[in-house]
Each structure stands twice: as C-alpha cells, then as structure tokens.
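Structure record follows, encoded as structure tokens.
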There are 2 protein chains.
Amino acid sequence: MTPESAPPRTTVGRPGATSHAEIEQAAFDLFTDRGFDQTTMGDIADAVGVGRRTLFRYFPSKNDIPWGQFDRTLEAFRLILDQAPRDIALHEAVHRSVVTFNAFPDDARPPHRDRMRLILSTPSLQAHSVLRYADWRRVIVEFVARRTGQDPTDALPRTVGHVSLALALSAYESWLEQQSSSITTLLDEAMAELRWYLK
Amino acid sequence: MTPESAPPRTTVGRPGATSHAEIEQAAFDLFTDRGFDQTTMGDIADAVGVGRRTLFRYFPSKNDIPWGQFDRTLEAFRLILDQAPRDIALHEAVHRSVVTFNAFPDDARPPHRDRMRLILSTPSLQAHSVLRYADWRRVIVEFVARRTGQDPTDALPRTVGHVSLALALSAYESWLEQQSSSITTLLDEAMAELRWYLK
DNA sequence: ACATTAATGGCACTCAGCGCCACAATGCAA
DNA sequence: TTGCATTGTGGCGCTGAGTGCCATTAATGT
C-alpha cells in the first residue's frame, strides 16, 4: 500500500524523492516548533523539498505522519504474542507482551516519548489515533481468540482487547506526566490498580 | 456555549430559525439514506431550510451532529454517580451507574441503537468520538477521585476511567451485533469477562 | 536509441470550518 | 408609534486537507 511497505524488490523506474523517515523528521521539527495545527502540508512539503502532492503518497493524511510506520511495528507485536509461553495465564501472556512491545529502543527517531506526547496532547491526533488503536487491539483480539479457541468476534477477546488498550493508555498518560518512571513500571502499576479496583 | 445549552432566559432578539433536534433529525435521515461521508453540510442545510453557516452555530462540526447534546446527558451521569450508595464497593457503584446511564428511554429520537450504530461504524465518527469519550471518562475519574480521596490526575482514577470506557465500548459493540441482548446484560457480561480474564 | 516502469508534482476540484459583517426579527422603553 | 438594544441569520470569501487526473521525469532493460 505505502511505497515502502514492501521491500523494493525492483529498482526499476524513477527513484523516490524522499522517504518516510525524512518526512517524519522534517514534519516533527515543524510540529514541535510551531505546533501541529499551525503546520500545513505545504509547509512540510517545502521543508522536505518535495511537492505537496507527493507527501500524500507517503502518508495518507497529515494525522498519520506522527504515527510513522506503525503498521510495521504491529507485526512485531504479533510475533511477541506468539512467542509467549503456553504455561502462563492468558492475562500474564498479554501483559508481558504489551510490556515487551512498548520497550522501545532508546535511539528511536523521533524519540518515543516526544512522539507520544505530541499524539496524546493534540486533540486532532488523539481522535485519529483511535483507528491505530483499533489495529493494535485487533492483534490482541486475534491472539486471545486463538488461545481460548473462540472467534475474534466473540465478546471475551473483544473485551480483553479494549481493556488492554485502556491499561496501556492509562500508563502512557502517567508516563508523560512523571518522567521518573519507566513505561514498564507504569504498565505494571496500571494492572495492579485494576486488580485493586475490582477488589 | 451552544445556543440552547442554557434554557433561553430571555426571549429578546431574533428567534432561532431551527433547533438542535430538527437538525439532528434531518441530518440523520440523510446519513442513513446516502451515508455520513456522502452527506455535506450544504445538503443538511438545504434539508433543514437554513443557511450552511447557521448549522455551525448549532453544532461545532459535522462530526458532532450524531452525538446530539451529549454534554447535557453527562450532567445526568454525574448525578447518577453521586446518588450511588456509600456502602457498596467502588467498582459496584461505578458499574451500576454506567448501567443506569445507558438505560436510555425507548422513545429517544433518533433511536439510540441507530445512533450508536452510525457512530461506531463510521471511521471519521469513531475517531471524533474520542473527544466525547474523554468527557465521559472525566465524569468517572472525578467520581473515583472523590470517593478515594485522591486527585483526578492520579493513576488509579484514570485507570478506572479508561477501563470503564473499555467495558462500555465492548458491550456496545456486542449490542450492535446481536440485537437480542439488552445493553444492561451486555455490560454485566463484559464485567464478568474481565473478571474471568484476570483469573 | 528506445521501450518500460515507477515515481514526481502541478492543476483543479470538493468540502469542512472560520472570520467578518450586513441584515432581520424580536422585546422594551420612551 | 418610533426608536433602540439584543440576538440570531446567512452570505461572502478565505484557508487547508484530501483527491483525481495526467503530463513529466528518471531510472532500468533490451
């Protein structure tokens, strides 16, 4: 779908004028400088040195830029879940996988925390992110369905998907406020809070 | 904020040309007829017999129309929570309140199920709804903070808010698929599923 | 050279949303 | 009755996202 989603098997034809990473970086600089809403696609195109029309071939919308190539990381998430040991409880398998998935490399560009801060503090991005979250949930839903022998449309997998996202979002919001704790710790704490809440 | 958010204390000045309810109804007819994305604000304005510009004085955006006057129902939600007995567990108080809040009157126009189906099956509305969900969560967060003597920015209230929304969304999705069960039953089941999941 | 392939980017269009402002329709006061 | 303050209407024109169309460009392969 996106130009780079599959590794370029041929080098035939005109080469791309830019890359997802380059656009992401240039856009992020503008976003942090003058704000997301105050940055137009034209601004970004100028910064990259490319036509506005071309930008839309790399990212389907302006809202998609801060998420980068999230669909690719989801495949990693799928693998992490599948590698979870069979002898631990379902909630344990999911929880550990979520923790592993969110243990981002420190050298991520743009930095993971800055990216999440932008997403979670910009209303239009908060809204758009639901569509990304849905993809993320689907990975969990399918995993739970497989492990429990249920259908992905059944109630249990769906509920687990929603609740897992809820815990992750709660942890991320805490993470952005208090820079002291790690996201791993905060995910653990969110789970503990849920258990306390349910008595 | 919205023209009718406060009961019109004075009858001075030019009377309104339409109402939230009328716009909602006309828009909903068009949405079901040709689809949400295929309906422009101009179409709705024509159907109501009013200027396009006027529509934006009743609803801040096209995405807000299907939600109607949700902010008003949130005040009812707040009251429901406050009336919860002091001697039951926190999670019980929240759960019962959510059930009560979602026991919509049968004669709601447009019908509650149709409205939710539109919202939950239209991507742009799904996205926009996050902002509404945030308001809904805030009501729960503030309640939990009050009952536990914590701050609304603390982790526990926030986690409860997110998880409560997760359960509600899961129940609603089931509700739209299988028309047999009541939303009350499905909310109960979602809670039961969560308990089963956590072992 | 020349065909093929694949990406670029300009142009023109639709539509949401907003600022501005002249104007219309009401109540009230003189 | 006349004027005035008040409040909503709606037209105009703009910005900016997103899209379809398509000529152009830059590479490879024969």
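Naming: A, B, ... by sequence-line order, numbering from 1 per chain.
You'll find that the side chain of Y58(B) is closest to dT9(D), out of dT9(D), dT19(D), dA25(C). Picking from dG18(D), dG17(C), dT28(D) the nucleotide with the shortest atom distance to the side chain of K62(A) gives dG18(D). Of the candidates dC21(C), dG9(C), dG17(C), the closest approach to any side-chain atom of S61(B) belongs to dG17(C).
The distance from atom CZ of R14(A) to atom C1' of dA27(D) is 9 Å, rounded to the nearest whole Å. Atom-to-atom, CZ of F59(A) to P of dA7(C) comes out at 16 Å; the value is rounded to the nearest Å. Taking atom CG of N63(A) as the reference point, atom C1' of dG16(D) lies 13 Å away to the nearest angstrom.
Using the six-membered ring where Trp is involved, F101(B) and W136(B) have ring planes that are tilted, between 30° and 60° apart.
One finds the CG atom of L30(B) at 11.5 Å from the CZ atom of F36(B) (value rounded to the nearest 0.5 Å). Going from atom CG of D43(A) over to atom CZ of R34(A) covers 4.5 Å, rounded to the nearest 0.5 Å.
In terms of modelled atom types and a separation under 3.5 Å, the side chain of K199(A) and the main chain of H91(B) share no donor-acceptor contact. With D154(A) contributing its side chain and D151(A) its backbone, the two residues share a donor-acceptor pair below 3.5 Å.
Less than 6.0 angstrom separates the ring centroid of W175(B) from the ring centroid of Y172(B).
Remark: T39(A), T40(A), M41(A), R52(A), R53(A) in residues 34-55 of chain A come within less than 4.0 Å of DNA chain D through at least one heavy atom.
Judged by closest nucleotide on DNA chain D, A17(B) is the one of F56(A) and A17(B) placed further toward the 5' end.
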